[in-house]
Amino acid sequence: MRGHDSLSFSVSLPDIANCYATILHRLATSRGPTSLLRRLRAVHAHILATGFKPRAHILNRLIDLYSKFGDLPSARRLFDATFAHRRDAIAATSLITAYSAGGHLESARQIFDHTPLAFRDTVFYNAMISSYSRALEGPAAIALYRHMLDDRVDRDSYTFTGVLSAAGAILPLELTHCQQLHCAVVKSGTEEAISVSNALIALYAKCEAPEAAAYARQVFNLMPERDELTWTTMVVSYVRRGHISKARQVFDEMDGRFDVVWNAMISGYVDHGLFSEALKMFRQMSCIGIPLDEFTYTSVLSACANSGLFNHGKSVHAHIIRAGPDFDPQAALPVENVLVTLYSKDGKVDVARRIFNDIWMKDIVSWNAMLSGYLNSRRIHDAVHIFRDMPQKNQLTWMVMISGYLHNGLAEEGLKLFNCMREEGVKPCDYTYAGTIAACGEIGALEHGRQLHAQLIQLGYESSNSAENALLTMYAKCGSVDAAHLTFLTMPNVDYVSWNAMIAALGQHGYGVEAIDLFDQMIKDGIQPDRISFLTVLSACSHAGLVDEGFEYFNSMERDYGISPGEDHYTKLIDLLGRAGRIDEAWNVIKSMPCAPGPAIWEAVLSGCRIHGNMSLGKHAAEQLFKMIPEHDGTYVLLSNIYAAVGQWTDVAKVRKLMKDRGVKKEPGCSWIEVTNKVHVFLVNDTTHPHVQDIYKFLDILGVKMRKLGYVPNTKFVLHDVVAEQKEYVLSTHSEKLAVAFGLLKLPAGATVRVLKNLRICGDCHSAIMFMSLAVGREIVVRDGKRFHHFKNGQCSCGNYW
DNA sequence: ATAGGGTTAG
C-alpha cells in the first residue's frame with residue numbers, strides 16, 4: 001500500500017492519469033486505522049507539484065475522498081476552484097452527502113440550489129432526499145420528490161427508500177399517507193428492491209394506527225426474498241406495538257445469527273418489562289456465539305437496572321471490562337450512561353458518580369442519569385449542582401428535577417422550577433405536567449392546579465394517562481372529590497393507577513363504603529389489583545370503620561391475588577383494628593408478622609391505644625417508637641401524652657424537660673380529631689385550652705353542631721360527637737396536622753408561626769389551612785424553617801425568607 | 001456520487 005504514495009515520473013501522461021485513478025480508488029476502498037486523509041493530501045500535493053491537469057473524474061474522486069475523510073473545507077475549496085463555471089453533479093453529490101452527514105443541512109441545500117437543472121440527475125436528487133431523511137425533515141424530502149417529477153428526472157429504488165424513511169419522521173403519521181406512498185412505490189415498480197420493501201415495513205411500523213401492523217405484515221409476506229434487515233424491521237414493527245409474542249414468532253422463523261435482530265428482540269423485552277426474557281436471550285446469545293456489541297450490553301444492563309438485578313448487572317459490567325474496550329468511546333457512551341443508572345438505582349450513587357466522571361464526552365443522557373441518581377438518593381444538594389452545571393437541558397431534565405423536588409418534600413421548589421422552565425421557553429411534555437400537578441396536590445394549591453388543567457387541555461394532553469391520573473389525585477388532595485370523580489369519569493383511558501387514585505380519593509374523604517364499592521367494581525371490570533390497591537382499600541375501610549371487610553380484603557390479598565402483604569399492609573390492618581378498639585387482635589397480628597415491627601406499626605398501635613385507653617400497651621408502643629426514632633419531635637409529644645394519660649407525672653416531667661432542652665414545641669391543647677362523614681368524634685384533653693376554644697368557635701362558624709359524650713374512663717379526655725349537617729364542610733386529614741391548623745386561627749392576621757418538624761406543611765395540612773383561611777376570611781402566614789407559606793383569598797404563595 | 005434496522009436518562 002505504502003508504495004503508492006511515492007511515484008516515479010518516467011511514465012506518459014495517460015498513464016499518470018491511470019496511476020492517480022488507481023491510487024485514489026485504492027484509497028477509497030481501503031480500510032484501517034492508518035491516516036487515509038494524510039495519504040490523500042500527499043497524492044493531491046503530488047498532482048499539484050507535477051503540474052498535471054487532472055480531468056473531471058480524478059477531480060470528482062478527490063472531492064469525494066476529501067468529503068469522506070472529513071476534510072470538508074478542502075473538498076469545498078477544490079469544488080469551488082474547479083467547478084465555478086461548469087457545475088458537476090457527481091462532485092456536488094459527494095459534497096451534499098458530506099455536509100448533511102456533518103449536520104450542515106443548509107450548506108448541502110446551497111450546493112443543491114447552485115447546481116443548474118440540466119446537471120441534476122437521479123443520484124444527485126437521491127443524495128439530497130436522503131440528507132433530509134437523515135435530518136428527519138420528512139416534508140422537505142417529499143417536496144423534493146415532487147420536484148423530481150416536475151423536472152422529469154427518473155426515480156429509482158434509492159429515491160423511494162429515501163422518501164419512505166423520511167416520511168417516517170412526519171408526526172402524526174397518518175395511515176392514508178403511508179398508503180399513498182405505498183401506491184406510488186407500486187406504480188414505480190421499485191418494491192422489488194429489498195431496501196424499498198424494508199423501508200415500507202419500517203414506515204408502517206412507525207404509524208400508530210392499529211391496521212398499519214397488517215399492512216407491514218402484508219409487505220413482508222409478499223417479498224420474494226428477504227435480508228437480515230427485513231427480519232429486523234418486521235420484529236421491530238411488532239415490538240413497537242407491544243405485540244411481543246408476534247415479534248418472537250417472526251424472530252423464531254428466521255434462521256439467523258444476525259446480532260441486530262437479537263438486539264431488537266432484547267430491547268423489546270426490556271421496553272415491555274419482560275426483563276427475565278431479555279436476560280435469557282442474552283445468555284443464549286453468548287452461548288451460541290452471536291457477537292455481543294454495545295447495543296446488546298446497553299439493553300441488558302438496562303434490564304438489570306430496571307428489574308433490580310444489580311448483582312447480575314455488575315457481572316455484565318465485569319464481563320465488558322474483561323472483554324476489553326474494543327468499541328470506540330462514542331459507541332461506549334450509552335453503555336456508560338446505563339451504568340450510571342444501574343449503580344445509582346443500586347444505591348451506590350458515588351460509584352455512579354465515578355463512572356460519570358470518567359465519561360469522555362458526556363451527553364445530555366449522562367447528565368440526566370446522574371441528576372436522577374442524586375434525586376433518588378435524596379441528595380438534593382448534589383442534584384442542584386448537577387442541574388446548575390449541565391451544559392444543556394431538555395424536557396426530561398426539567399421533569400426529573402421538578403418531580404425530584406416533589407419526592408423530596410420540596411413541592412414549592414418544584415412549582416417554581418416549572419415557572420422557570422416556561423420562562424425559558426421550554427415546552428413541557430405531559431409527564432412534566434403530571435409531576436407539576438402532583439406538586440400542586442402535595443401543597444394544596446388548587447387554583448394553580450386548575451390553571452395547569454386548563455393548559456393541559458389547550459395543549460391537547462388530555463389523553464395522557466399520567467397527566468390525567470395526576471389531576472385526579474391533585475383534586476382529591478385539594479379536597480375536591482367531585483372534581484376528582486369527574487376527572488375519573490371523563491378520562492379517555494382508565495388504568496389501574498386511575499382506579500387506585502379514585503378509590504384513595506373516596507377513602508381519604510370518608511366515603512369508605514363508596515371506596516370499597518369502587519374496589520369491587522374494579523375487580524369486576526377485570527382490572528388486576530396491585531399492592532397499592534390493597535393499601536388504599538385498607539385505609540378506606542379504616543376510615544369508615546369497616547373492620548371485618550378490611551380484614552377480609554387483607555386475607556384475600558395473598559389467597560386470591562398472590563400479593564404477599566408488606567409491612568405497610570400490616571400497618572394499615574393494625575390501624576384498622578386499633579381504631580375499632582380490637583387491640584388484642586392487633587397484638588396477635590403483630591406477633592404473627594413475618595418481620596419485626598417497625599416505627600409505623602408502633603405508631604398505629606399507639607394511636608389505637610390512645611383512642612381506647614389501653615394504656616399499658618400504649619406505653620409499650622410509645623417506648624418502642626421512642627427507641628427507634630428518638631429524634632422525631634412527634635414522638636416526644638406522643639410519649640408525654642401517654643405518660644400523662646396513665647398518670648405517670650414524673651415521667652411526663654422528664655419528657656417535657658427533654659423537649660424543652662431540644663427546643664420541641666409543646667403539644668397543642670387538642671390532641672386528636674377525626675372527622676369523617678360517618679363518625680365525627682373529637683377528643684380534647686383540656687376544654688379550657690385557648691386552641692380548643694377556637695375549634696369550638698370555628699365549628700360554630702361552620703354550623704357544625706356537637707354534643708359532649710362524656711369523659712374517657714381513667715383519663716382527662718373529653719369525647720365529643722360532632723354532628724355535621726353541612727356535608728361540604730367535612731374535612732378529612734391527619735389529626736395532629738389539623739389541630740395545628742386550628743390553632744393558627746387564634747393568631748393575629750399575618751402572624752408568623754413555627755411549625756413542629758414532624759408537622760411539615762404537607763398537602764393535608766396545607767388544604768386545611770387554606771380552607772380555614774377562606775372560611776373565616778383571614779390571611780395566614782406559616783413559617784416552616786426558612787420557608788414561608790402565605791394563604792390569602794384561596795391562594796397560597798410560597799417563598800424563602802432569605 | 002445516493003438508500004433501509006437495533007442502544008442509554010423518567
Side-chain angles (χ1 to χ4, degrees), chain A residues 28 57 60-61 63-64 67-68 88-98 100 121-131 133-134 156-166 168 190 193-203 205 227-237 239 258-268 270-271 293-302 305-306 327 331-342 344-345 363-373 375-376 394-404 429 431-432 434-435 466:
Chain A
H57 71 279
N60 286 341
R61 183 68 105 173
I63 290 167
D64 185 45
S67 303
K68 286 212 173 78
D88 184 282
I90 293 178
T93 305
S94 301
L95 268 177
I96 286 170
T97 307
S100 77
D121 61 8
T122 303
V123 180
F124 174 80
Y125 264 105
N126 290 348
M128 195 63 225
I129 287 174
S130 60
S131 295
S133 157
R134 214 188 330 245
D156 64 2
S157 66
Y158 283 80
T159 318
F160 284 97
T161 311
V163 169
L164 290 172
S165 99
T190 51
I194 295 183
S195 73
V196 175
S197 285
N198 287 351
L200 254 178
I201 296 171
L203 183 70
D227 66 3
E228 293 162 331
L229 295 187
T230 316
W231 292 99
T232 312
T233 318
M234 200 59 231
V235 165
V236 170
S237 168
V239 161
F258 183 45
D259 54 343
V260 176
V261 196
W262 286 76
N263 289 344
M265 203 58 232
I266 289 179
S267 73
V270 174
D271 280 350
D293 62 8
E294 67 270 20
F295 291 91
T296 329
Y297 289 129
T298 314
S299 299
V300 164
L301 286 170
S302 163
N306 287 310
F327 28 74
L333 183 60
V335 181
E336 290 168 312
N337 288 343
V338 76
L339 282 171
V340 170
T341 305
L342 178 82
S344 49
K345 284 207 172 158
D363 67 356
I364 178 88
V365 179
S366 330
W367 286 93
N368 284 343
M370 199 62 239
L371 181 69
S372 67
L375 286 168
N376 291 333
N394 62 8
Q395 273 190 348
L396 190 82
T397 317
W398 292 92
M399 195 204 84
V400 167
M401 196 67 209
I402 289 170
S403 46
C429 65
Y431 287 103
T432 319
S466 50

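Labels below follow one simple rule: chain letters A, B, ... track the order of the sequence lines, proteins then strands, and each chain is numbered from 1.
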Need one value for [X]: base, sugar-phosphate or nothing, where a base atom within 4.0 Å counts as base even if backbone is also close, heavy atoms only.
| X | value |
| --- | --- |
| A/I194 | base |
| A/V260 | base |
| A/V236 | sugar-phosphate |
| A/N60 | nothing |

Checklist entry - Partners of A/S344 by side chain to side chain contact (heavy atoms under 4.5 Å, CB included), sequence neighbours excluded? => result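 Expected list: A/V349, A/A352.
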Checklist outcome for this item: At a 4.0 Å cut-off to heavy atoms of chain A, the contacted part of DNA chain B spans B/dA1 to B/dG10
Taking only residues two or more places apart in sequence, or in another chain, which ones meet [X] in a side-chain hydrogen bond (donor to acceptor under 3.5 Å, both in side chains)?
| X | result |
| --- | --- |
| A/D259 | none |
| A/D271 | none |
| A/T93 | none |

Item to check | Which residues share a salt bridge (Lys or Arg N to Asp or Glu O under 4.0 Å) with A/D64, sequence neighbours left out | outcome: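 So A/D64 forms a salt bridge (Lys or Arg N to Asp or Glu O under 4.0 Å) with A/K68.
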Checklist entry - Under the side-chain contact (heavy atoms from CB on, under 4.5 Å) criterion, do A/N337 and A/D363 qualify, and how do the steps go? => result CA-CA 9 Å; A/N337 288 343; A/D363 67 356; 3.2 Å; yes
